[in-house]
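Here is the structure we will look at, set down as structure tokens.
Everything numeric in this text was worked out from a predicted model, so none of it was measured. Letters A, B, ... are given to chains in the order of the sequence lines, protein chains preceding strands, and every chain is numbered from 1.
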Amino acid sequence: MSPGKASNPPREAVLLVGAGYGALKVAEDLSHAGIPVLWATRAAHFLELPDSVEPFEQWPADLNYQFRPLYLRVTRHRLVTPLTQARLESVSPHGAGYDVVVAQDPKYIDYDLCTGCGRCSEVCPLDQGEAPPLSRTPGYCPSRALQLDKRLISPCRQGCPLGVNAQAYLALTATGRFDEALEVIKRDNPLLGVCGRVCHHPCEAACRRGELDQPLAIRDIKRFLFDYAAQQGPPTLPRPAAARRDQRVAVVGSGPAGLCAAHYLNQAGLQVTVLEALDQAGGMLRAGINAFRLPRKVLDAEIQALVDSGVEIKTNRPVEDIEALLAQGYRAVLLTTGTHQDLRLNIPGEDLAGVEHCVTFLAGVNRSGQGKVGPRTVIIGGGNSAMDAARTALRLGAEQVTVLAIETEDQLPAHPEEVRQAREEGVVFRLGLAPVEFTGGPAVNGIRLRAAHWESSPGGPPRLVFDSEQIEDMAADCVIVSIGQRPHLARHGLDAQLTLGPGDRLAADDRGRTDRPGVFVAGDVVTGPSTVVDSMAGGRRAAYSIIEYLGDPAAGEHWYGLAARGVGDYPPIGEDVPQQPRQEMARRQPKVRRRDFDEVDLGLSQAQAQAEATRCLQCGVCCECQACESACADIGAINHFAVGRRHQLRAPAVIVADRAELPDGVELGGDNVFWVEADHYSADLMDVLMAGGSAAGQAMAPAASLRVESVEPAPAAAPAGDPSRLGFFLCACNQTMAPAETLQGILQRAAAVPEVAHCELIPSACHPDGADRVARALAEKNLGRAILASCACCPINFACISCNDQRTRVRRHLFDRRGLERSRFELCNLRDHINDGRLSQDQVMERAMDLLRAAFIRSRYLGPLRRGDTELGNRILILGGSDIGVSAARNLAVQGFKVRLVHRCAIAGEELPEAVAARPQARGLEKSIVQVDTPVEITGIKGNIGDFTVTAKAGGRGRRWKADLVCLTDENLIPLTIFAGRVGLKKFYRYDFAFFHTPRMGIYRVMPRTLQRVDAFRAGAALAGEVATAAAKAYLNDHQLSPVVDPLRCRGCGRCAEICPFDAAVLRENGDGTYTAEVLRHNCVGCGGCVGRCPVTAMDIPFFSNQVLMSMVAGRLSKER
Amino acid sequence: MSSLNLWGICCNWSPYACYNAAGMAKRELPPNFRLMRVMCIGRINQALILRAFEYGADGVIVLECVDEDCRYGPGPEVGHTNVARVRRLLHYLGIGQERLVEKSFAADDMEKLVQCLWDFSEAIEAIGPNPAKPRQEREAS
């Protein structure tokens, strides 16, 4: 295994595009021939079929199982870089090859680590029904791993300037997980109580539920969550996770921008001091927003939470000199001083007594309870502040409150909900009117008005246009002008120290950076009067700019990258989703609430909040609540912030398994593009596989220069240890194997077994760390044998049809990566068999011990596995100069093999077929091919793979040819290797998809039916490909389960030879008329048939030895004995 | 729950794939069923089947591949022969030939395997303990 292979793909490799079985065959052949392959498909799995091939149903149902070993072999091969959900972006010719760019979608789950324990989907708050965010890979893909469906980030979250993850906290609220919901909000919003009450909720405007009925009441749910937590105790914010740094930062102003910035600076580990000019922190949250909308206890509690989390707030500290602050040791200064100067109408009479301005008025009421209005109070302006002023005036005792605005009802800048509540309380609206003069003296007693409207002017602010000359007089004994604010920097002399923009606002870029290093600005002082959440977002941006300025450029990465996250569009709104109106908060009656400053809204009940949250459509599928990430913390397979990748590659050849995966408009040309397509299109599976083999064979010629040793270099062998000391390791499968106390119980019982010298619980055996722990324990405790109870069921070096990726990984990490000795291990599958979900913990324990009994028995008889390598050279003898033979010979010659091509062959004693005799001499072949053109009688093929001797008679003369591999490409030669009654071929043909194998390893043949699938040229290429896979291995491993013969017991009866379908068991004459059986290691496939057949137990097989089987029967059936 | 011993001898390929799939799907199997795996049912000889009865199995089920699915060729045939002969022996020994059952499966026959094991369990329950078991074990079951 090469961890991180997908993140470090090769620079040069054959490119394979598309999924399906044909592509699987291509990747198998190329990788086993030692040629690196980059395999890219848009599909989520490599077995997903291209559109053009018949679906699974057309094939035998169990066929998917037959591909599992192949799939595991290929996707985990060190020369294959498998990229799923990857698109071919561009292909351009470069020399004889191509320059290729492949773009891969983000992989949120690391398939090299995922244990498939499934805890992620257990903790996921979302419905795992029809479109689950976390789903198992399909059954035919041999891995337990899960996939995460993360679409575009939901519109509500994208609509929020702070990027608060509304989808996630709605999902958590719907399932009653309020504490987790709060944690989610706090990641992006330290002032959730404030925002839960006064935010103008742009998330709701973006909510897709609005297309169906009404948007979710997102703000009200947030408010519910805050109130829910407030019942348990004061709100808290997390203490900074980052290490405390000694850098100090000053934030000037404690409004929403300043507080939010301070929070993120603090969370990044900086020492933050907030300097507030007034005697209380809060800025406009305190001065500008009424207590009946935002109760003071909420604001105070949240500011206290900030202080408790480490933010220092100093009040009564007006700042007059930025330079002096920097000189005091602050590394950066953030100005969030807001807009505190009222705009004036500049009309006659504006200075009369009784004419007030909004901020001054509200600040007086809100901060010190000071405020006086007249019986007839008129508010001028239509914004939220005007609504606040109007409703405050009512509460201060005004008999009649009129809002006077130029805008029409639709144009009013105030939030409609604010307008509605003001109306309910009795505020009168007079719209389309502009004041031109205040009359009276010394106190105001009237306003002169003219009908007017705003006219938009291109490129500038709207222009006031009067509609008529007629003047209306309106009686008023108190006027509150509420037409906007501007920064008041001159108050503390800051205006001279910084660059100002229009409207006296501070000039800065969109991330709060000014032209002075170390000085940052945010909030209304930059943007002019805006909303709470916009100011907070500005503060957060400035905070990230400061953190970046102080040396950590990645601070705001995930936040800024929000919109770019996720793959694919939102799922359509299902037709079965019923319309359902949204939940409304209870409110005090208008006539009651206008009497005092107590809060108007009463909030949603728990039932209401949960019901409302359930309405959420969960647009992004995955809500990114990250609950799964914490469940996977020990494994670390989930990363919600993974990004897509682009891979550049030089490809000597391109193989296309699915035309539909080519980018639009790309016409692939050149000699080195190969297609996995059958010649005829009633294509069945074998056609597709054959086409894959032939494409792989053709590609090997141009890719020959990339060839490397295909066999993985073996790691240094770990020390053997003392065989009398047994280690017992139990995989917890990320805490899902069984409850912790059950696992402890199993460990205790295992420790009581006399030979067990060490017991250990492994968090996960298929994780690299698991193998490392086992290896460490073996070395430290001098253990010579080990039992690993996990989901892996055997330590043998092959994948069977029950195997999966996790089990393969267990073995790969232990034996291939750590170099532990396979034959000293017993791997026992507990995970899938100890609990069917209906057992009590005691029963689970009993079941586990019963299964482990077998493991202990087996571990006592662990013996060496068969080991042996056959070295292969590169001499290839091709008998038969058919088109297939010529094609294969040329292909192999280009690949660098030493090819001898014998054109006309017959089996000894048989006539040369006419077609063969009449065959014209092939011309123009590669010079390196040694050709024999005279007719030849083959008299025998002796030896075995890597060392064949073919004897022949040519023109009356005897010939002997040595070869490592032999190919028979004429039909008349097939009887040389295939004998009647031998069925072993099926294993190769049907299960290994090696179509040219014969039961005799190293000899290949082409059956006539192959030409019904592909033409002779491509058949030859496929043959060459298969030959190259064997030849390129350079040496061949013996089957680990190959039996051994005890010559003292063998009586030479020949039953083993009779039953072996692979000619692996043969009888050798001893020279005295007696025979002894012998196992030809090259041919043996380890089934053990001969061992079962042997009447005198003279043969025995590793791992399933006679002794093991007998002891298993005895030991497991009779506990008492 | 009965303490009868149900013993399974299982080929590593199709039947084990079914058993493995049943385990992964958390299907309920007879709790007193135990399985021994070999690479191919052709590996098993008659002595081993008999040995199971000798050591106290009340029923033995031989789980093998469908004839034409054998990876190696002759496995299931060997299985048929062995089972037929052992059944005859069991009959002569008075143990009863119905205690030995042979079933074959394709790789995706998980449901069939689960059903077979329950049927097997029921059948052996109906016959009762293996009379060749030592008496104290027989009485315990």
Notebook entry, point to check: Looking just at side-chain N and O atoms, do B/Asn20 and B/Arg37 make a donor-acceptor pair shorter than 3.5 Å?
Noted result: no
Item checked: Contact origin within A/Cys794 toward chain B - heavy atom pairs under 4.5 Å -> both
Notebook entry, point to check: Given that the side chain runs from C-beta out, which part of B/Ile41 has a heavy atom under 4.5 Å from chain A: side chain, backbone, both or neither?
Noted result: neither
Next item on the list: Report the relative orientation of the aromatic rings in A/Phe1062 and B/Tyr72; use parallel for angles under 30°, tilted for 30 to 60°, perpendicular for over 60°.
Entry: perpendicular
Margin query: What part of A/Arg144 gets within 4.5 angstrom of chain B, counting heavy atoms only: side chain, backbone, both, or neither?
Written below: side chain
Checklist line | Residues A/Asp832 and B/Arg27 bridged, charged N to O under 4.0 Å | finding: no
Next item on the list: Side chain from CB out, backbone as N, CA, C, O: work out which of these in A/Leu851 comes under 4.5 Å of a heavy atom of chain B, or both, or neither.
Entry: neither
Check: In terms of heavy-atom pairs under 4.5 Å with chain A, which of B/Gly42, B/Gly75, B/Ala47, B/Cys18 leads?
Finding: B/Gly42
Check: Can you tell which of A/Ile834, A/Ile796, A/Leu839, A/Asn1106 has the highest number of heavy-atom pairs within less than 4.5 Å of chain B?
Finding: A/Asn1106
Item checked: B/Arg51: side-chain hydrogen bond (donor to acceptor under 3.5 Å, both in side chains) partners, not counting sequence neighbours -> B/Glu54
Item checked: B/Asn5 and B/Arg34: side chain donor to acceptor below 3.5 Å -> yes
Margin query: Only pairs of heavy atoms separated by less than 4.5 Å count here; which of A/Asp836, A/Val1108, A/Ile1101, A/Val1091 has the most with chain B?
Written below: A/Asp836
Notebook entry, point to check: What part of A/Cys793 gets closer than 4.5 Å to chain B, counting heavy atoms only: side chain, backbone, both or neither?
Noted result: both
Checklist line | Qualifying side chain to side chain donor-acceptor pair (under 3.5 Å) pairs with a residue from residues 86-97 of chain B, counting only residues at least two apart or across chains | finding: none
Item checked: Residue among B/Ile9, B/Asp109, B/Asn12, B/Val78 with most heavy-atom pairs under 4.5 Å to chain A -> B/Asn12
Margin query: Can you confirm whether the side chains of A/Thr1097 and A/Arg1049 place a donor and an acceptor under 3.5 Å from each other?
Written below: yes
